[in-house]
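Input: a single structure, listed below in structure tokens.
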Amino acid sequence: MSDQKRLFLVDAFALIFRGYYAFIKNPRINSKGVDTSAIMGFMNSLLDVIKRERPDHLAVCFDKGGSTDRVEMYAEYKANRDETPEAIKIAVPIIQDILKAMHIPIMVKAGFEADDVIGTLSKQAEKEGYKTFMVTPDKDFAQLVSENIFMYRPVFGGGYETWGIPEVQKKFEVEDPLQVIDFLGMMGDSSDNIPGLPGVGEKTAKKFLAQYGSMENLLANTHELKGKMKEKIEANGELGILSKKLATIMLDVPVTFDAKDFELDHPDIEAVKNIFQDLEFRRLTDNFLKTFSTETETTPTSAPQKQEAQKVTPKEQKSAGAGQFSLFGVDDSVTTETTSEYTRQTAKTSSHFYQSVAPGIATKLFIKNLMNQTSVCFDTETTGLNPITAELVGIAFSWEIGKGFYMPFPEDKNEAQELIEQLRPFFESESIQKIGQNLKYDIKVLAKYNVTVKGKLFDTMLAHYLINPDMRHNMDVLAETYLNYTPISITELIGKKGKNQLSMREVDLEKQTEYAVEDADITLQLKEHFEKELGEANTQKLFDEIEIPLLRVLSTMELEGINLDKAFLNSLSEQLNTDIANLEKSIYDTAGEEFNIASPKQLGIILFEKMKLVDKPKKTKTGQYSTSEDVLSYLAKDHKIIRNILDFRGLSKLKSTYVDALPTQVEETTGRVHTDYMQTVAATGRLSSNNPNLQNIPIRTERGRQVRKAFIPRNENYTLLAADYSQIELRIIAALSKEETMIEAFKNGEDIHASTASKVFDVPLNQVTREQRSNAKTVNFGIIYGVSAFGLSNQTDLSRSESKELIDTYYATYPKLRNFISEQVDFARDNGYVQTVLGRRRYLKDINSRNAVVRGAAERNAVNAPIQGSAADIIKIAMINIHEKLIAGNYKTKMLLQVHDELVFDVYKPELDTIKTLVKSEMENAYKLDVPLDVDLDIGDNWLEAH
DNA sequence: TGCAATGCATA
DNA sequence: GTATGCATTGCAA
């Protein structure tokens, strides 16, 4: 470093607060009962800075009485700050005493905040040739950063980072640190109660800044915004300006930087020692003496300081006494107390016999007993929610209501495997029925131990999904609804998620037993309940032949996961940035010069003055050329440069939702992405996918669909096969309605939308215009969703009355379709539900509502649910059959994904021809309709190519 | 930290 | 107009 003098300005309150909250979980209280956390925290930071940096000049700045100017501007300023904690209030005078003893100047100015004092001083020092370091964690200070003014910012886990101009540019994505003020003004700051612009947070503020550069320019160009955002910002321009003012650090506080006064000289060691002794700071006293004793130039790194002792070893599982483990020795049942029918039962109020099984002989006896059962409910307890990484902590079993056993699993992997081996005959027994709640999870966990769950299955969650798809199906809800019983909550055992949540392994064995066996017991009781109801709802077949077999299929697919080119994924984010650069270059080339694409002003001049893309460019209120979305997309088809600009704008969204998110979901152990298919959330019978959702990977836009390139085959011996049903929902509605005209079109392999257009607009098939086909397509989809003229006119260029006319003509063309629709609605009115081809029901309680809006929605559901649901039924059948054939044929090919009407396979190349035939045949013949089903196959080295 | 509202990705 | 999941934001704790 040069010989330039260095001034450190310390933001006292920021460091005091930070120190105080650092100890919040474990406050420092001395023998006099004084909470010294804040003092300790602050002094640690201060000494740390001195020791590390040895500043020539240093001062500590405090607030006094808040900022009168800002309160004048905005009465709410800092109004919602919590009352300052007591420990901080008492800390301030003590810290000031210590500073005096250390001969460190204290800067305060009534009516000004420390920010303003520091700002003013740093600018003065800059003029005098100093390098200034503002010691504060508060990001507001970034606006002051210049070539000679830096932020010196404590970071979590110790250490500091220095923010100069490049750091601020990067962090806030701005050119000039002064734009930090605009940034803060836009996004607001809840702790200072700076309102900001409504609806604008960090991401949006950065976007705006890149595009408009400042608050003022944003407000001058709100016409370019869309939707709610536009309304909100236009309505709150003044608030934005005010917010910016509030966020601005003042530079004209009446204080003077006096170099001599600020020189860091020797402290009054005795005085400081006395205060520290009084506070009972022993370590800090040592630290202080070391810092100021002359010979300490560098601090030894060998000294094992602080945190080392804090390392917490997870509590070992309590090894209970032998008696507790004995199989039949302990009866911890509780007598039933009389409960009114309004009081829910719990484990405490109902009689039960739950017991843990000890290792050794007890386990052998237990398993012998287990093997004699014909139907057993089980529930695994694990260390987490992700079955790929979770380890078994125990398994609960129950085959008699009110009674059950819990087998804890050792943490040691080999021992756990030995134990599961003993249970293998049970799980793999074909003759013992297995009952569970969400068995897919347990099956996946056990698969990780190489155990296959065989035999008949009964999943209470799936059963209830068929009985009442609109409800939720978690066990607590089911127990309360059907058994009038409240199970022990998981949070009671392991705490709320986040900070101190325990792993199931850390829970006492007795509690584990109570909790786990209770789950198994309740599940068993629910099974008895739902068994009857399944028959009554006529969905037994759907349960046995679709949902239960599908559960095995899904667990296999989920465990398999899909390969992601990890290098590609990890770099895709940067590649996108490269793409942006390429787009920029291409735009510059076309434009013939470089300019700021993000600036609408410059862009408008380039497009409409230089390139003269249109004769009469649309202008905005402020007289500038409009470059808004709708203007540009209108020009997009004729000009590549416009497409590039639109792409450029759309990238950030893509990046955050997919490109940056997906790599974090790659499982370390497998290098693959394992989605979780939800079998019980979609009321229509569809699956849904989450963590991550692989059913909404972009495909419509060129840039978006690039994400699909990241989904690749297992290795070079494999290829991806995508098989999708063509127009399955329209085929279903044609078949169900028996509308011959439409059925014929499908039988003849016609382009259905063109065919519809030809009939509705009464033109020969080969003379259908693009627009006619497009409108016909919209109506076809509208039918599936339960059309209204209003909805149709929103989707097309047609007016409301034209839409109505089109729909009327459509119904005239396909009269049976109209019949079908009214039949569905009538059926729903009479029965309260509609159903799919396989009898999957959806109950529509609002179908007879007197509220037309509510009733209308129910009527659309009545039309859509059987269509969407039947399509779901059919692909589920195909999946089950394909799964079985893949196993039976011992193929290496795996089924990986389902996207509603599409299946994706990882095909072993030598099997390709066989698999293509197999998949196509199984999908097309999954269910017999009066309309042929048609499946398109595509292969490729990634999911994008396979389309 | 958890919730609702908004907007947008898919079929 | 149907069915989902998720990122971001603001607000309530």
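Every chain is numbered from 1, with letters handed out A, B, ... down the list of sequences.
Residue A/Arg686 places no side-chain N or O under 4.0 Å from the OP1 or OP2 atom of C/dT2.
Using a 4.0 Å heavy-atom criterion, one finds that A/Val863 contacts no nucleic acid atom at all. Within 4.0 Å (heavy atoms only), A/Ile697 reaches sugar-phosphate atoms of the nucleic acid but no base atom. A/Arg860 comes within 4.0 angstrom of the backbone, heavy atoms only, and of no base. Counting any heavy atom pair closer than 4.0 Å across all strands shown, A/Gly782 reaches a base atom. Using a 4.0 Å heavy-atom criterion, one finds that A/Asn696 contacts the bases of the nucleic acid, with or without backbone contacts as well. Within 4.0 Å (heavy atoms only), A/Ile699 reaches sugar-phosphate atoms of the nucleic acid but no base atom. Residue A/Arg705 is classed as having no contact, given no heavy-atom separation below 4.0 Å to the nucleic acid. Nucleic acid contact class of A/Leu197 (heavy atoms, under 4.0 Å, all strands): sugar-phosphate only. Among the atoms of the strands shown, none is found under 4.0 Å from any heavy atom of A/Ala857. Within 4.0 Å (heavy atoms only), A/Thr778 reaches at least one base atom of the nucleic acid. Counting any heavy atom pair closer than 4.0 Å across all strands shown, A/Glu202 reaches sugar-phosphate atoms only and no base atom.
At a cut-off of 3.5 angstrom, the base of C/dT4 holds no donor-acceptor pair with the side chain of A/Gln695.
Checked for salt-bridge contact, A/Lys876 and A/Asp873 miss the test: no charged N lies under 4.0 Å from a carboxylate O.
A heavy-atom distance below 4.5 Å is found between the side chains of A/Tyr833 and A/Phe827.
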